[in-house]
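The next block holds one structure in the form of structure tokens; read it before the comments.
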Amino acid sequence: MARTRSLLAPLLAAACAVVLLCRLPSAFLPPARAAPTHEFTARAAAAALSAAALASAPMVPALALASSDDDEGFDFRIIAVLGLPVVAASWALFNVWRVAFRQGVRLNEGLSGSSKIGLNAED
């Protein structure tokens, strides 16, 4: 006996897929709400202006005015922060000036000023 395939299984699977696809939302995000309309009046503008003036007014620096009786001494964090860049810059300057000095000595060795002193003409 030959095996036959049922037409019901693929039709049922396709119907389930269509139903599931129809139930999905059309977008991942909800649609944007309409922007609220604000009517600015003179009263609202005056309130905004006074709030901005109050926010920009200098505050009393209470902590800055408080005196510190105990002196903590030298802060070594400045050395820790600036130490590595100073060492790197000094090492780079040392290497640049060393090479420049060697090149100047080499150029001044010969009468012609050529940097190929000691090499044959075909080199």
Which ILVMFWY residues can you reach from Leu93 by hopping between side chains whose heavy atoms are under 4.5 Å apart? Trp97

If you count every heavy atom of other residues, nucleotides or ligands that lies below 6.0 Å from Leu7 atom CG, does the total exceed 12? no

For Phe101, does the CZ atom have more than 12 heavy-atom neighbours from other residues, nucleotides or ligands under 6.0 Å away? no

If I compare all heavy atoms of Ala47 with all of Ser50, which pair ends up nearest, and what's the gap? O-OG, 2.9 Å

Ignoring hydrogens, what is the shortest heavy-atom contact between Ile78 and Asp75? Give both atom names and the distance. CG2-O, 3.3 Å

Applying side-chain hydrogen bond (donor to acceptor under 3.5 Å, both in side chains) as the test, list every pair that has at least one member in residues 85-95; sequence neighbours left out. Asn95-Arg98

Verify the cluster assignment for Phe74 and Leu82: are they in a single hydrophobic cluster under the rule of side-chain heavy atoms below 4.5 Å apart? yes

